[in-house]
K.L.:
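Here it is: the structure, laid out below.
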Amino acid sequence: MPLDPAFIGIQLLNGLQLASLLFLLSVGLSVVFGLMNFINLAHGTLYMLGAFIGLSLARWTGSYWIALALAPLAVAAVGALFHVVLLRRLQAATPMKQVLVTFGLIFIGLDSVRYIWGNRTHGMAPPELFAGAVDILGQTYPAYRLLVIGLGLVVLVVLIFGLERTRLGAVVRAGVDDRETAMALGVDVERAFFIVFCLGCGLAGLAGVVAAPVLSVYPGMGMSVLILALIVVVVGGPGSIGGAALGALLIGMAETFGQVLVPEFASVVIYAVMALVLLLRPGGLVPVGRH
Amino acid sequence: MAMGRDRWRAVAAGVLALAAAVAWSRADFFGHELLAQIAILAIFAMSLDLLVGYAGLVSLGHAAFYGIGAYATALFTALWGGSAWLAMPFSVVVAAAAALLVGAFAVRLAGVFFIMITLAIGQMTYAYFFKSAAFGGDDGLAGIARIDLGWIGLNANEPAHFALFALVVAGLVYLALDRVTRAPFGRMLVAIHDNESRLRALGCPVYRYKVAVFTLAGAVAGLAGSLAAQHAMFISPELLTWTTSGEALIVVIVGGMGSLIGPAAGAAIVILLADYLSGETEYWMFFMGAFFVAVVLLAGDGLYGALRQLGRWRGAAGRRAQ
């Protein structure tokens, strides 16, 4: 196994790319969980929807960028629909019921996608601007993957800015920190939850479109990524954007290097990382608030 | 009312046993295959009910121990050439050990965290067997032998006889778990589920109870897995996917969690429903998912709960009439 700097450098970039995808996928999950103690297990389904909708949009319009812009909006709309139709009805129910319903939705979503798009695996071409390769450390590296890394960074910056500088961000911070007091003070945590939830769904869809040219698009693509995203939420600390970023970085690197160095035990590596973090810091890397 | 509830369950168990006997005697080859599947799923679902319905630990990765039991049997018979009769206890022990290792860590986490971790464990176990060359990877392993029933004059390779064997094992598992849930151990689990902090304040070693039930559930799931491996005489990583864990959870909820007999009946319902649906449409998962969501929203106590509710209404109406 060549451990020369070029190889390590390439794997570091791959890890960053995976971390970027995982961040997009898990930041919505994390903040929603921190805000309302609710985990949407159908989040992976939204990711899958984003990829398939993006695929169709790119085919119809011939433009990757249109797909990139519109698919997340479509997925956010689906999330809004789900929230209005089902989630509100579940507000009074136990967290367990909420989780079980979203689990049932995975089955529904999976077959819906199979019904509309068929069972095959699809590929999606990257945009022309980023279709080539770049020279890094003497190796060629797909330019599109650098775009993925860049997108993740941009979203991170935008989200942090939004959290720190906007009114919605202040409400979210208050709600995650101490929901009861915030509500008692008249802060509309419910509305903030709705907006944050839709935003999170949109980001999951974005992750799907972004991932489509790199990973293959097929029904069921959401599940393996969902697991990693859940681990990122747990490891990073629920409710924290920075935590999601750190967790995504850690898990992205662990998964990439694990798959390359010890493929049979890559999953054990992830589990070990998760166990270690939870044993040392039970609240996650960046623990937030108290409920 | 403990007495009333126990009587209900005994009646339900009797009815189910009778139905199973009638079905078995009248079934054809395909019917016997279905009955074996139902029996195996019933065992798996009952083990999950112990976790979900009694201890309140919702596991979405229970298929991991089911699969470990199945692969242990495959290892013992196909790779090592051992007898299936020994393979079964071996599988149970291996699955129990794995459950102990996982549970010791996982049960420290509460609520949604626990669900996520179990989901992760399930996927990781799947990924391991998928990649493992020793266990055949995603091609799977064939050549698994069934138990030798020759000493009672039966041939386990006959679908009818294997189905009978599976049903008998399912019945025995139900009786054993029924005792466990009625014993102080089982009642303590329910109490912990009900109000954990109160139990902790009373000095109860909650952690040990949780690890114990997780291990027991894993062991029984391993037994189900061993039977599944023998039934198909073939094993593949597909047995460990989240859909397997999910289907078991659906069975538990639909049948009525916390009753043991509910999930056993639920296994029959779900298998027959899936069989019917997959004959009608390719998208049976859609309807199964929709059915499940409807049950969770409208009938949280599942079929068993609904029947008991009916019984209570009729009882109340009867009393009012007097």
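Just so it is clear: chains get the letters A, B, ... in the order the sequence lines come, proteins before strands, and each one is counted from 1.
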K.L.:
Got a second to check how far B:I115's CD1 is from A:F103's CZ, nearest 0.5 Å?
P.N.:
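Answer rounded to 0.5 Å: 10.0 Å.
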
K.L.:
Tell me, side chain or backbone of B:V58 under 4.5 Å from chain A's heavy atoms, or both, or neither?
P.N.:
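For B:V58, side-chain heavy atoms alone lie under 4.5 Å from chain A.
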
K.L.:
Identify which part of B:M288 has an atom lying under 4.5 Å from any heavy atom of chain A, answering side chain, backbone, both or neither.
P.N.:
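Neither the backbone nor the side chain of B:M288 comes within 4.5 Å of chain A.
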
K.L.:
How far does CD1 of A:I39 sit from CG of B:L119, to the nearest 0.5 angstrom?
P.N.:
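Here the interatomic distance stands at 10.5 Å.
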
K.L.:
Report the option among A:V234, A:L226, A:L110, A:V233 that has the most heavy-atom pairs separated by less than 4.5 Å from atoms of chain B.
P.N.:
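Option with the top pair count is A:V234.
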
K.L.:
Pick whichever of B:A127, B:A120, B:A106 has the most heavy-atom pairs under 4.5 Å with chain A.
P.N.:
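Among the listed options, the one with the most contacts to chain A is B:A120.
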
K.L.:
Do B:F292 and A:I108 make a side-chain contact, defined as non-hydrogen atoms from C-beta onward lying under 4.5 Å apart?
P.N.:
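No, their side chains stay 4.5 Å or more apart.
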
K.L.:
Can you pull every donor-acceptor pair closer than 3.5 Å across chain A and chain B?
P.N.:
{"residue": "A:D111", "atom": "OD2", "partner": "B:M285", "partner atom": "N", "Å": "2.9"}
{"residue": "A:D111", "atom": "OD2", "partner": "B:F286", "partner atom": "N", "Å": "2.9"}
{"residue": "A:R114", "atom": "NH2", "partner": "B:E282", "partner atom": "OE2", "Å": "3.0"}
{"residue": "A:Q259", "atom": "OE1", "partner": "B:K131", "partner atom": "NZ", "Å": "3.1"}
{"residue": "A:S267", "atom": "OG", "partner": "B:M124", "partner atom": "O", "Å": "3.4"}

K.L.:
Is the CZ atom of B:F114 crowded by more than 12 outside heavy atoms at less than 6.0 Å?
P.N.:
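Counting other residues, nucleotides and ligands, CZ of B:F114 exceeds 12 neighbours.
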
K.L.:
Quick check on the structure: residues of residues 245-254 of chain A within a heavy-atom distance below 4.5 Å of chain B, by number.
P.N.:
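So far as heavy atoms go, nothing in residues 245-254 of chain A approaches chain B to under 4.5 Å.
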
K.L.:
Which atom names give the shortest non-hydrogen contact between A:V101 and B:V293, and what distance separates them?
P.N.:
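Of all heavy-atom pairs spanning A:V101 and B:V293, the closest is O-CG2, 3.8 Å.
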
K.L.:
Sort A:L100 into side chain, backbone, both or neither according to what part of it lies under 4.5 angstrom from a heavy atom of chain B.
P.N.:
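It is both, since atoms from each part get that close.
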
